[in-house]
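The structure under discussion appears below in the form of structure tokens.
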Amino acid sequence: MTPGSRRIAEVYDQVIGRNPGETEFHQAVSEVFDSLHRVLAKHPEYVDASILERICEPERQIIFRVPWTDDTGTVHINRGFRVQYNSALGPYKGGLRFHPTVLLGTVKFLGFEQVFKNALTGLPIGGGKGGSDFDPKGRSEGEIMRFCQSFMTEAYRHIGDRVDVPAGDIGVGRREIGFLFGQYKRITNRYESGALTGKGITWGGSLVRTEATGYGTVYFTEHMLHTRGRSLDGATVLVSGSGNVALYAIEKVHQLGGTVVGASDSGGSVYDPDGIDVDLLREIKEVQRERISSYAEQRGSAEYIPNRQVWAVAEKTSVDVALPCATQNELDEDGAKLLTKAGVAAVAEGANMPTTPEAIRLLREADVLFGPGKAANAGGVATSALEMQQNATRDSWTFDHTEQRLEEIMESIHARCAATAEEYGTAGDYVSGANIAGFIQVADAMIAQGVI
Ligand code: GLU
């Protein structure tokens, strides 16, 4: 065993020991560490500077009480988090997730991933993440607003355009960012546009930010397919989820000539051989705020498959591409088996860590192209960084210009992952390419900035 590999094992044990029960965080660290053996053999300076130990320990973790009153006058207490993970490359940057399952370990896994993802964008942003175990489902507009205001009444002291810049994630969209921004502005008495991203277009937001994560994932997929002389044109595609990332992934697949025949929510899936009508699905999810079963009721060509994930659609049709765009660990070994049996050629993660390690192994063994989230879904945060750029110069760019920047960024992330994988003897493995390229960039900056 090389000294680097020994250190990987030791630090991983420390991570488990110091962060008990945080299994998703362990999984995220393990996936990055698995990619680093050859890097540490080539660069012993990273071992000497204790980069592994330092990179796993967030710079700061903030946990706070979020009290709020519902429409009946009942007081609720939620827990708020902001994990400021790594600022080697720029201010902490990453979304807020509002979901009842959110624990500190969830935010830490997301923050850890974000550090490398943000590095891959090539833009000056560090990594952070936050959120709350608040469940927005079924809550009125007034309740959501009061919750957001209470969250920001604490969070404002920790954020700022040169400090930490939150954005959306699951359960946090433009509406929530609006309420958060309003409270930040009121408390600080500053119109500091760059303190949050994902804002509305008329008040400092960027065009393409809403579409960026889904669009970017599809661009990344197209680049992967091109390496094998294939493309999305004419491809049959499954997309899990029906939130913001999924909706815009579906839209872009259709623009590029593919057909998305399956989508889902936590209650079940729909199979629509004619292709998902994305306008109808958006209307159902974002305006009617209904379940995906309503889609099948309103669309003649669609069939509802209750209590099954979208991978079940692979029992009914051949599949060229699968895009998990819902949540972590949603594509497991069983799902991967269904997909490989249906002939899948590429899987790209629109969500963060949606594929389990066993499923990734299985897909790799079947020679399926696999785009990990920290590369494939980096278009969202990259466009957030473009929003910060527009805010800093008090400018606003056109849709076409911003989309072109997004396309260039995704192309460069793909090229960088491919080149890095090749350099380290794992050609075609985007997981190691992304992990190594992101790690080296952050590690070099950390070494340059001394032991802090
Ligand atoms: N939550 C998104 C992500 O996982 C976006 C973060 C941002 O725009 O800051 O990358």
Side-chain angles (χ1 to χ4, degrees), residues 24 28 81-87 89-99 102 106-132 155 159-161 163-174 176-177 180-181 193-200 204-217 220 241 243-246 248-249 324-328 330 348-354 371-391 402 405-406 409-410 413 434 438:
E24 290 159 339
F81 303 96
R82 188 72 187 164
V83 173
Q84 300 182 327
Y85 221 107
N86 191 301
S87 62
L89 301 180
Y92 310 106
K93 180 82 198 85
L96 298 172
R97 178 175 291 191
F98 292 170
H99 193 273
V102 168
T106 324
V107 181
K108 273 161 73 180
F109 114 67
L110 291 163
F112 185 78
E113 293 274 298
Q114 199 83 45
V115 173
F116 305 100
K117 183 196 307 195
N118 293 5
L120 286 173
T121 66
L123 298 165
I125 40 178
K129 202 86 187 190
S132 174
I159 71 169
D161 64 1
V163 183
D164 182 355
V165 183
D169 196 84
I170 294 171
V172 178
R174 186 167 295 174
E176 291 73 21
I177 294 294
L180 290 162
F181 183 74
S193 303
L196 287 158
T197 61
K199 299 180 295 294
S206 174
L207 289 165
V208 193
R209 177 61 193 90
T210 310
E211 296 85 349
T213 313
Y215 278 19
T217 303
F220 192 91
N244 175 265
V245 180
Y248 289 99
C325 294
T327 194
Q328 64 268 22
E330 53 160 323
E349 297 185 322
N352 291 315
M353 211 170 74
K374 49 175 95 64
N377 75 36
V381 76
T383 309
S384 275
L386 301 181
E387 182 172 332
M388 291 164 70
Q389 232 175 83
Q390 292 167 75
N391 294 153
T402 317
R405 290 285 313 266
L406 169 65
I409 291 167
M410 294 316 296
I413 294 174

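Ligands are counted one by one from 1 in listed order, and the atoms in each one are counted from 1 as well. Position 1 is the first residue of the sequence; numbering continues from there. Just so it is clear, the values below take in all heavy atoms, side chains as well, and ignore hydrogens, waters and symmetry mates. Treat the numbers as computed from the prediction; the structure is a model and nothing was measured.
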Numbered in order shown, the ligand 1 atoms found under 4.0 Å of a heavy atom of A167 are 7 (C), 8 (O), 9 (O)
Within the side chain of E176, is there an N or O that forms a donor-acceptor pair under 3.5 Å with the backbone of G173?
yes
The protein heavy atom nearest to atom 6 (C) of ligand 1 is G95 N, 3.5 Å
### Query
Looking at ligand 1, does A378 have a heavy atom less than 4.0 Å from it?
no
Would you confirm whether D161, through its side chain, and M388, through its main-chain N or O, come within 3.5 Å as a donor-acceptor pair? no
So the atoms of ligand 1 within less than 4.0 Å of a heavy atom of N352 turn out to be 4 (O)
Next on the checklist: Against ligand 1, does E113 come closer than 4.0 Å with any heavy atom?
Outcome noted: no
Tested for salt bridge (charged side-chain N to carboxylate O under 4.0 Å, His left out) against E387, the lone hit among R405, K199, R209 is K199
Within 4.0 Å of some non-hydrogen atom of R209, the atoms of ligand 1 are 5 (C), 7 (C), 8 (O)
Between ligand 1 and G168, is the shortest N or O to N or O distance under 3.5 Å? yes
Logged contact type for K129 with ligand 1, heavy-atom cut-off 4.0 Å, is side chain
(Q) Would the distance check show the side chain of T217 and the main-chain N or O of A376 forming a donor-acceptor pair, the cut-off being under 3.5 Å? (A) yes
Say whether, by atom type as modelled, one donor and one acceptor occur between the side chain of K129 and the main chain of G94 under 3.5 angstrom. no
If you scan protein heavy atoms around atom 8 (O) of ligand 1, the nearest is S384 OG, 2.6 Å
Kindly determine whether T327 and I170 satisfy side chain to side chain contact (heavy atoms under 4.5 Å, CB included), including the steps that lead there. CA-CA 8 Å; T327 194; I170 294 171; 3.8 Å; yes
If you compare R97, K93, K117 by their heavy atoms, the one closest to atom 10 (O) of ligand 1 turns out to be K117
**Asked** Counting N and O atoms only, with roles assigned by atom type, does the side chain of N391 sit under 3.5 Å from a partner on the main chain of G204, one being a donor and the other an acceptor?
**Response** yes
